[in-house]
Trainee: 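First the structure, then my questions, so here it is.
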Amino acid sequence: MFATPFSSPGAAGPTNCVKTLFFLALAFISTYPLSAQLVREEKARVELLEDRDSYAPGSTARLSVMMSIEEGWHVNAHEPTLDFLIPTEATFELPIGWSSPEVEYPEGVLLPFEFADVPISVYEGRVALLTNLKVPENASGGIPVRVNVRYQACDDAQCLPPVTSSAETILSVGESGNAIHLDAFSPQSISTHGAVAASKDPSSGQPPTETVPGDKPAGVPSTPGRGLLGFLVMGVLGGLILNVMPCVLPVLSLKVFGLVKSASQGRGEAARGGIMTSLGILSSFWALALAAVVAKGAGRAVGWGVQFQQPGFVVFLTVIVLLFSLNLWGLFEIPLPARLANRLAGGGAPREGAAGHFASGLFATLMATPCSAPFLGTAISFALGQSALEIFAIFTAVGLGMSLPYLLLAAWPKAGEFLPKPGPWMETVRGAMGFLLAAAAIWLFFVLAGQISSARVALIQLALLSLCLCVWIASRRSGVAKVLKTLAAVGAVGAAAWSISLAVTAEPVERGQSAIASQLIPWIEFDQAQAKGLASEGKMVFVDVTADWCLTCKVNEKAVLETPEVAGAFERLGIVAMKADWTNYNEEIGDFLQLHGRSGIPFYLLYRPGREPYLFGELLTKDKVLNALAEGS
């Protein structure tokens with residue numbers, strides 16, 4: 001664990017530099033990558049128009065928020081058909097003393113799309129959002145009024161991240177003036193009734209049909225979706241299942257080791273350990289939720305596990321994993337001042353402190369992010385399309401689910417009696433856990449090798465080797481001069497910073513067809529247009545969205561997809577297999593996931609001729625795949 005028994009309480013010195021690096025890394029690593037690549041792409045121009053050139057105090061100003069949407073694109077209506085779609089919303093920024101007006105949103109046009117079973121309510125072309133703004137009696141002069149319109153633009157193939165576009169006007173308050181901008185308030189400009197909704201599939205052979213917005217087709221529920229409570233329950237279940245996913249197992253093993261130690265020191269210590277571990281997990285999820293809210297506000301789509309697309313994050317996590325390994329092997333300890341160490345130990349035997357339990361909770365969350373789990377992907381995807389409050393609510397639910405085993409121990413300390421009794425075997429297990437984490441470091445190097453050049457990976461490995469050497473020297477208790485130990489501690493921090501900078505500044509490598517290894521199934525590189533074209537020709541197309549950093553993906557591939565039974569079915573049924581490699585950032589793949597309401601991987605989809613695509617769950621089984629293939633043929 002992070003905080004092993006405190007050796008030599010009161011020994012501060014050079015090792016405190018390593019301790020500082022440890023804590024700063026764990027605190028910063030959760031939010032570092034999610035703020036990267038914050039870009040905007042606006043497909044609608046927003047204007048704020050008033051109906052008069054001047055207004056008398058106490059009168060009402062009629063305003064039109066005119067959206068001019070780029071041809072070939074649309075935005076979701078204010079009341080979207082499906083609950084995971086992001087509505088178009090206008091909010092006003094007004095001087096103090098002015099009341100916020102209610103916005104009149106037009107009905108959307110119902111159009112059919114491949115990803116949905118029912119038509120979707122959208123705005124196209126030129127759309128006016130109207131409002132009446134009351135001018136206060138004491139107003140005078142030029143009054144600035146600003147509107148912010150948040151919307152998500154989509155075309156027939158993709159949806160862009162939501163953005164906020166703004167417009168501003170100056171209202172002149174004095175005498176009642178003349179009417180202006182008449183076209184912005186005419187019925188022809190603001191009405192969408194009677195709009196023609198042409199079929200999105202030109203090959204359907206059906207003529208365009210006239211759809212009156214507001215008339216829901218048969219089968220469209222008035223309140224679609226599960227609702228927030230349902231997604232909160234899914235978040236708790238997904239977080240609980242996350243504990244047994246391959247990414248978390250190394251950390252879970254370490255935590256069990258720590259709990260054995262805690263249980264041997266009494267029920268109170270076991271309860272304290274469970275609570276602090278849970279708090280560390282929840283703090284990590286709150287940090288991730290905050291980063292998601294900030295990124296969404298900047299107009300950037302975010303997703304579960306996408307931070308592993310950043311080489312800097314991968315190396316940062318490698319540094320943490322290596323330090324944990326060195327700690328478990330006894331190469332260095334994290335000492336605290338004697339008074340604090342005695343207080344944490346209750347004046348008795350040394351034990352793992354609150355900071356150690358808290359840090360292990362942080363570490364567990366970090367290691368969990370490249371994995372998905374049943375229910376988790378659906379809950380996170382829903383959250384990332386909602387308001388900040390709902391994002392925090394669902395991320396908290398996932399954190400609570402992941403914390404449930406530790407909260408159970410805190411609420412029922414007697415459960416610690418089921419854990420094995422401590423003894424000399426723990427030193428052997430401690431060393432073995434170090435090797436388990438070292439294996440995790442090897443996996444991180446595997447991920448890194450798919451992102452940057454081999455020469456740069458070798459330099460990073462050299463920097464990390466220097467880090468280990470400096471940590472070992474700085475932690476020596478005898479035989480090394482104090483000045484040398486201090487220099488080594490500074491060198492450890494420098495080596496860590498060097499390794500991360502090497503990753504951040506590295507040029508990404510191209511990953512095309514060469515990234516698809518020779519396997520039982522003849523995979524080809526993913527192309528969405530080609531996949532749809534093949535499906536229209538009567539062929540089934542199986543799409544696997546994967547990444548080197550996604551351990552769940554690798555388990556599914558080895559245990560299910562790349563097996564003789566499934567590969568044989570692919571060949572027998574003539575299925576085209578496409579692999580979408582998301583190891584590095586790829587906007588097309590990100591948009592493809594978002595189009596289908598997903599924010600993370602693994603993701604599997606089967607295009608079926610003449611039918612809607614079939615979406616698989618995160619965990620595959622041979623029976624599930626074979627049955628879906630048989631039904632689609």
Trainee: Tell me whether the rings of Phe603 and Phe592 are parallel (<30°), tilted (30 to 60°) or perpendicular (>60°).
Mentor: perpendicular
Trainee: For Tyr607 and Leu534, indicate whether the former's side chain and the latter's backbone hold a donor-acceptor pair under 3.5 Å.
Mentor: no
Trainee: When you compare the side chain of Lys579 with that of Ile521, does any pair of heavy atoms fall below 4.5 Å?
Mentor: no
Trainee: Is there side-chain contact between Leu448 and Ile460, with heavy atoms separated by less than 4.5 Å?
Mentor: yes
Trainee: Can you name the closest pair of heavy atoms from Pro564 and Leu520 and give their distance?
Mentor: N-CD1, 4.0 Å
Trainee: Any donor-acceptor pair under 3.5 Å linking the side chain of Glu562 with the backbone of Glu557?
Mentor: no
Trainee: Hey, is the main chain of Asp623 close enough, under 3.5 Å, to the side chain of Asn627 for a donor-acceptor pair?
Mentor: yes
Trainee: Could you walk me through whether Leu619 and Lys624 pass the side chain to side chain contact (heavy atoms under 4.5 Å, CB included) check?
Mentor: CA-CA 10 Å; Leu619 294 180; Lys624 286 181 182 179; 5.6 Å; no
Trainee: Take a 6.0 Å sphere around CD of Glu571 and say whether it holds more than 12 heavy atoms from other residues, nucleotides or ligands.
Mentor: no
Trainee: Take atom NZ in Lys539; do more than 12 heavy atoms of anything else shown fall under 6.0 Å from it?
Mentor: no
Trainee: Determine the minimum heavy-atom distance between Gln528 and Glu588, stating which atoms define it.
Mentor: N-OE2, 3.8 Å
Trainee: What's the spacing between Met234 CE and Leu237 CG if we round to 0.5 Å?
Mentor: 8.5 Å
Trainee: Please find the pair of heavy atoms, one from Gln461 and one from Phe445, that lie closest to each other, and give the distance.
Mentor: CG-CE2, 3.6 Å
Trainee: Any side-chain heavy atom of Phe358 within less than 4.5 Å of one from Ser283?
Mentor: yes
Trainee: Please verify the inter-ring angle class for Phe542 with Phe570; under 30° counts as parallel, over 60° as perpendicular, anything in between as tilted.
Mentor: perpendicular
Trainee: Could you tell me whether a side-chain N or O of Arg608 sits under 3.5 Å from a main-chain N or O of Glu612, the two making a donor and an acceptor?
Mentor: yes
Trainee: Let me confirm one number: the OG1-CH2 distance from Thr318 to Trp443, rounded to the nearest 0.5 Å.
Mentor: 9.0 Å
Trainee: Let's go through Ile473 and Leu487 carefully: what are the C-alpha distance in whole Å and the side-chain angles of both, what is the deciding distance for side chain to side chain contact (heavy atoms under 4.5 Å, CB included) to 0.1 Å, and is it a yes or a no?
Mentor: CA-CA 9 Å; Ile473 294 175; Leu487 290 176; over 6 Å; no
Trainee: Taking the side chain as every heavy atom from C-beta outward, state whether Asp581 and Phe526 have any atom pair closer than 4.5 Å.
Mentor: no
Trainee: Return the minimal non-hydrogen interatomic distance between Ala569 and Ile575, and the atom names on each side.
Mentor: O-CD1, 4.5 Å
Trainee: Measure from the side-chain N and O atoms of Ser284 to the backbone N and O of Gly280, and report whether any donor-acceptor pair falls under 3.5 Å.
Mentor: yes
Trainee: Between CH2 of Trp498 and CG of Leu467, what distance do you get to the nearest 0.5 Å?
Mentor: 11.5 Å
Trainee: So, Ser403 side chain and Tyr406 main chain: donor-acceptor pair closer than 3.5 Å or not?
Mentor: no
Trainee: Would you call Cys553 and Asp548 a side-chain contact if the rule is heavy atoms closer than 4.5 Å?
Mentor: no
Trainee: Would you indicate whether the side-chain heavy atoms of Tyr604 and Leu615 approach each other to under 4.5 Å?
Mentor: no
Trainee: Within a strict 4.5 Å, meaning less than it, do heavy atoms of the Val457 and Ile452 side chains meet?
Mentor: yes
Trainee: Indicate the atoms forming the closest heavy-atom contact of Ser499 with Leu464, along with that distance.
Mentor: OG-CD2, 3.7 Å
Trainee: Quick check for you: to the nearest 0.5 Å, what is the distance between Leu573 atom CG and Met540 atom CE?
Mentor: 5.0 Å
Trainee: Hey, does Val541 have a side-chain heavy atom less than 4.5 Å from the side chain of Gln530?
Mentor: no
Trainee: Roughly how far, to the nearest 0.5 Å, is OG1 of Thr277 from CG of Leu282?
Mentor: 11.0 Å
Trainee: Would Ile601 and Thr546 count as a side chain to side chain contact (heavy atoms under 4.5 Å, CB included) if you check the C-alpha gap in whole Å, the side-chain angles of each, and the deciding distance to 0.1 Å?
Mentor: CA-CA 7 Å; Ile601 56 175; Thr546 184; 5.5 Å; no
Trainee: Could you grab the distance from atom CD1 of Ile391 to atom OG1 of Thr396, nearest 0.5 Å is fine?
Mentor: 11.5 Å
Trainee: Should Leu326 and Trp472 be marked as a side chain to side chain contact (heavy atoms under 4.5 Å, CB included) after you check the CA-CA gap, both sets of side-chain angles, and the distance that decides it?
Mentor: CA-CA 8 Å; Leu326 295 177; Trp472 176 71; over 6 Å; no
Trainee: Please step through side chain to side chain donor-acceptor pair (under 3.5 Å) for the pair Thr552 and Glu618, ending with a clear verdict.
Mentor: CA-CA 8 Å; Thr552 310; Glu618 288 89 348; over 6 Å; no
Trainee: Tell me, with the steps shown, if Trp549 and Thr583 meet side chain to side chain donor-acceptor pair (under 3.5 Å).
Mentor: CA-CA 7 Å; Trp549 43 263; Thr583 299; 5.0 Å; no
Trainee: Provide the closest heavy-atom pair for Leu620 versus Val560 in the form atom of the first, atom of the second, distance.
Mentor: O-CG2, 3.4 Å
